[in-house]
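Sequence lines set the chain letters: A, B, ... in the order given, protein chains first and strands last, and positions in each chain run from 1. Scope of the values below: all heavy atoms of this structure, side chains included, with no hydrogens, waters or symmetry mates.
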Amino acid sequence: MQLEHMIYMDHAATTPTDERVADAMEPWVREQYGNPSTLYTIGGHAARAIEEARATIADFLGAHPEEIFFTSGGTESDNWALKGAADAHRKRGRHLITTTIEHHAVIDTMEFLEKRDYEVTRVPVDSRGIVDPEDIRKALREDTILVSVMHANNEVGSIQPIAEISELIKDSGALFHTDAVQSVGKIPVDVDQLGVNLLSLSGHKIYGPKGVGALFIRKRTRITPLLHGGGQERRRRAGTQNVPGIIGVAKAIELAAETRDGEAERERALVARMWMGLQERIPDMALNGPEDPSLRLPGMINFRVEGIEGEAMILCLDMNRVGVSSGSACTTGSLDPSHVLLAMGIPAELAHGSLRISLGRDNTETDVDYFVDVFAPVVKRLRDMSPVYDK
Amino acid sequence: MQLEHMIYMDHAATTPTDERVADAMEPWVREQYGNPSTLYTIGGHAARAIEEARATIADFLGAHPEEIFFTSGGTESDNWALKGAADAHRKRGRHLITTTIEHHAVIDTMEFLEKRDYEVTRVPVDSRGIVDPEDIRKALREDTILVSVMHANNEVGSIQPIAEISELIKDSGALFHTDAVQSVGKIPVDVDQLGVNLLSLSGHKIYGPKGVGALFIRKRTRITPLLHGGGQERRRRAGTQNVPGIIGVAKAIELAAETRDGEAERERALVARMWMGLQERIPDMALNGPEDPSLRLPGMINFRVEGIEGEAMILCLDMNRVGVSSGSACTTGSLDPSHVLLAMGIPAELAHGSLRISLGRDNTETDVDYFVDVFAPVVKRLRDMSPVYDK
Amino acid sequence: MYTEKVMDHFRNPRNMGVIEDADGVGEVGNPTCGDMMRITIKVKDDRVDDVKFQTLGCGAAVATSSIVTEMAKGKTLDEAMDITNKSVAEELGGLPANKMHCSNLAADGLQEAIKDYRSKQGGGEG
Amino acid sequence: MYTEKVMDHFRNPRNMGVIEDADGVGEVGNPTCGDMMRITIKVKDDRVDDVKFQTLGCGAAVATSSIVTEMAKGKTLDEAMDITNKSVAEELGGLPANKMHCSNLAADGLQEAIKDYRSKQGGGEG
Ligand SMILES: Cc1ncc(COP(=O)(O)O)c(C=O)c1O
Ligand SMILES: Cc1ncc(COP(=O)(O)O)c(C=O)c1O
């Protein structure tokens with residue numbers, strides 16, 4: 001396990017836990033074990049710490065503390081937002097709108113709702129992976145109760161025009177949810193500026209812990225609980241709170257608040273350097289996602305390499321101690337290539353041959369140059385092996 | 001925060017994290033941050049560690065590893081079991097059976113299902129807080145799809161005759177779920193011996209982490225996912241796994257396996273000593289729950305004290321650095337006294353004046369004697385203040 | 001969950017007990033609900049000359065009873081009648097939301113005691 | 001997720017390449033599915049005298065192609081025809097469940113190559 005030598009470039013999959021986050025969590029794992037729902041002193045400590053964490057997160061998102069609810073992660077937040085809103089407003093309507101490039105936590109939940117008497121419209125995206133707000137507006141119906149559009153896509157990094165969409169749909173009576181799991185901490189996320197009723201975030205994408213996240217629920221938004229039971233989270237999300245996790249996600253947000261803008265600039269420069277290097281060394285490859293870096297998450301780049309397949313690239317890169325992901329099917333255990341790349345109109349064989357690099361705080365220019373140096377021969381080797389590439 | 005001096009006797013609310021558990025988790029928080037769904041080396045480490053954890057837990061419960069699914073805690077496990085089974089079998093029937101003494105994670109979920117076109121029969125318990133298996137059998141109908149009976153009650157510790165119930169209902173075609181959050185690690189829990197299809201457990205009740213638990217789902221049991229999305233947990237429970245939490249719960253189970261029976265004996269003796277001491281010093285109090293210690297969780301004792309109220313006792317005990325819970329409403333923020341005590345036929349005013357002590361690994365005879373010493377004057381003080389006690 | 005002031009009154013309740021030859025007695029709440037208070041007062045020159053409480057109940061119940069006796073002592077009966085459950089809660093620096101209703105009866109108890117005194121005076125003002 | 005043997009064949013593929021004057025060529029899979037293999041064989045005395053592969057695909061696809069060439073080399077054509085995708089997976093110490101179907105085509109590729117050879121021989125046995 002020579003982790004110290006690993007070059008990790010898959011921050012969109014998960015991030016290393018920041019040491020300061022781990023340090024902040026540790027007392028709540030070890031000494032401060034009180035259940036926040038209890039009345040005695042250590043229970044009170046935990047309860048107070050949770051409320052401070054809630055305030056930190058609310059502040060960062062431009063929300064009120066009473067609008068932040070802790071969950072077990074982005075997936076639960078998405079499931080809760082969608083199922084909870086669908087259930088609470090089912091008498092008013094049964095129509096839901098989303099896009100073709102959502103995370104599976106939204107896609108699969110929408111599919112489930114479809115089987116339970118809801119109707120779902122999936123709005124397509126352009127070749128950059130961006131949805132047209134007008135298309136959302138056109139999809140609206142009398143009985144539309146919820147619109148869910150992700151803030152930034154997790155495969156190509158394309159940033160969606162959330163504020164424009166909310167402007168167009170605000171009079172429709174439909175709730176507006178955004179999955180901001182990838183954008184929080186990387187680009188500005190303000191619930192009022194975005195104009196959303198519901199917003200999902202996750203700890204482990206922002207140098208925080210796995211298994212904890214939050215759902216922003218704007219005041220007066222009706223949504224049915226997903227987890228029923230004890231009175232935690234003001235009776236809206238039952239279950240003994242993951243105290244260390246909550247402390248950790250708040251600490252992660254605090255650190256993101258300090259470093260976000262500078263880090264974004266730094267990562268954009270690293271990505272530009274990498275892309276330049278790759279283009280110099282490797283023929284027959286192209287970018288997936290917006291050319292304009294301001295329409296993309298700062299540290300993210302996704303590209304397709306003709307004639308080879310994604311998992312093989314990942315394995316070869318791992319042999320070179322580089323960790324990245326692919327837009328290829330194989331990473332998810334399904335046989336189909338990335339639904340995001342297909343939705344952008346990229347042919348299946350090129351979608352299979354795509355790679356996602358997502359840089360983070362720990363990456364340097366040296367890492368980027370190393371990546372280019374090892375990736376070029378990897379491509380050559382796999383193309384030599386390939387029956388379909390003979391340029 | 002003089003935690004080192006605190007005498008904690010509320011292990012049914014939550015337990016201190018065992019140091020060995022915290023130590024086992026730490027590398028997975030700090031160095032081993034890989035996402036188990038990824039292909040490169042550190043992702044593989046995490047994936048393997050999760051499978052080892054799954055095997056440990058399966059082994060302890062007499063289950064197969066493929067029957068263990070990690071969740072965010074007891075509440076999620078209960079919600080998933082109930083909603084998932086209800087949804088998957090809704091075409092066959094709409095009738096559910098439970099008892100009057102379940103945890104709110106079951107009660108509230110049942111109430112929710114009731115509002116969504118399911119019918120719920122709640123079987124009563126006797127004055128000890130134990131359900132009669134015959135009553136469950138009698139409640140069965142053609143269209144009963146699920147029976148949920150907790151293994152051990154979290155307020156009075158009464159152990160339910162799960163094996164007898166499963167024997168009586170096994171031919172009915174209804175699934176059988178048990179909430180074993182309180183029993184796991186304290187008394188033997190074997191899924192075959194109990195004869196259940198579904199079983200919930202939670203990490204933080206067994207000296208493990210908060211925010212992680214598991215649901216046992218017997219092979220070939222149809223249940224709809226509660227969290228849709230990524231392909232984790234063999235496509236049945238989406239969401240990036242809480243790797244440190246999972247490692248922690250497995251370590252907690254491993255430790256429980258080593259110590260359970262001896263510890264149970266030790267705690268039973270401590271409880272007996274405490275009860276004897278209390279009875280000598282304090283008039284007008286009585287046990288809530290089974291007299292027979294073998295029908296009760298080893299470390300648990302619940303009793304009612306005439307003329308005073310539970311929260312006041314808790315606060316006074318906290319002033320004496322003792323942490324315990326009450327059967328009183330005030331602890332949960334509701335106005336009603338404990339539904340469990342009421343279900344046992346205890347009058348409301350005595351239910352309000354009840355206290356739950358739940359001892360654990362860290363408690364000693366000294367603690368027990370100290371408790372008796374400080375509790376007697378607390379009772380005297382509160383009775384002096386009380387307008388209804390003047391003996 | 002409680003303010004320091006609530007805990008102070010819980011730890012060191014003021015005017016706890018019964019005035020044996022009270023001029024007025026107020027009882028509110030109900031053991032079935034888990035909260036019950038008995039306020040006894042001694043009246044002199046239309047003022048609350050002495051006041052004591054007994055309480056069965058949670059921390060909020062004890063603290064509100066305790067502080068209402070402090071607030072009432074020395075006040076004219078009319079002034080004391082103006083003490084509300086809300087002003088009691090404010091005086092304590094606030095109460096948790098779920099305690100605002102169930103355990104915040106002390107002002108009612110005081111008012112009952114004053115009414116009891118007045119009714120014994122044949123409805124007169126002193 | 002892969003066995004050591006799979007990774008060994010992925011890292012050091014045996015018999016990678018094309019036999020230029022091959023006696024038989026087998027192609028299976030399809031770039032749209034992300035997996036495609038080309039097996040070329042040289043036949044001598046009704047035996048697989050030489051065999052090479054080219055593969056577009058994931059780790060399993062590469063490893064199965066590599067090992068099938070090892071398994072086939074030296075075998076009679078009939079013996080080689082008996083190699084199945086299942087026996088290839090077994091030889092590798094197993095494949096992940098989701099790879100059993102998509103990327104486990106190598107035996108098919110070999111069989112196609114042998115069939116191609118045989119058809120060129122006019123269906124005869126050599
Ligand atoms: C856009 C997006 N939404 C949701 C999720 C799910 O979050 P989690 O892994 O915390 O369940 C992820 C990450 O996997 C994501 O990238
Ligand atoms: C019997 C029982 N079931 C379920 C739960 C809920 O478990 P968790 O706190 O992990 O959500 C608890 C504890 O609170 C419990 O005692």
Distance-only, no hydrogens or angles: does the A/T17 side chain make a donor-acceptor pair with backbone N or O of B/V29 under 3.5 Å? yes
Look only at the side chain of A/K210 and the backbone of B/Y33, and say whether a donor-acceptor pair between them is shorter than 3.5 Å. yes
Quick one: what part of [X] sits under 4.5 Å from any heavy atom of chain B, side chain, backbone, both or neither?
X      : result
A/R234 : neither
A/I107 : neither
A/E76  : both
A/V324 : backbone

Heavy-atom pairs under 4.5 Å with chain B: which of [options] has the most?
options                       : value
A/N79, A/N242, A/T14, A/T75   : A/N79
A/T15, A/V322, A/V243, A/L226 : A/L226
A/G211, A/A22, A/G73          : A/A22
A/G203, A/A238, A/G43, A/P16  : A/P16
A/K83, A/Q232, A/R116, A/E111 : A/R116

From [X] atom [atom1] to [Y] atom [atom2], the distance as rounded to the nearest 0.5 Å:
X      : Y      : atom1 : atom2 : result
A/Y8   : B/Y40  : OH    : OH    : 3.5 Å
B/E31  : A/M6   : CD    : CE    : 14.0 Å
A/Q241 : B/H204 : CD    : NE2   : 10.0 Å
B/R321 : A/I42  : CZ    : CD1   : 13.5 Å
B/L39  : A/L317 : CG    : CG    : 11.5 Å
A/R235 : B/D108 : CZ    : CG    : 7.0 Å

Heavy atoms, side chains only, cut-off 4.5 Å: are B/E26 and A/E26 in contact? yes
Under a 4.0 Å N-O cut-off, is there an ion pair linking A/R30 with B/D23? yes
Kindly give the heavy-atom pair with the smallest separation between A/N35 and B/A13, and that separation in Å. ND2-O, 3.1 Å
B/G230 to A/H104 - nearest heavy-atom pair and separation: N-CB, 3.9 Å
Scored by heavy-atom pairs under 4.5 Å with chain A, the best of B/D10, B/L227, B/L315 is B/L227
Heavy-atom count around A/E114 CD within 6.0 Å, excluding the residue itself: above 12? yes
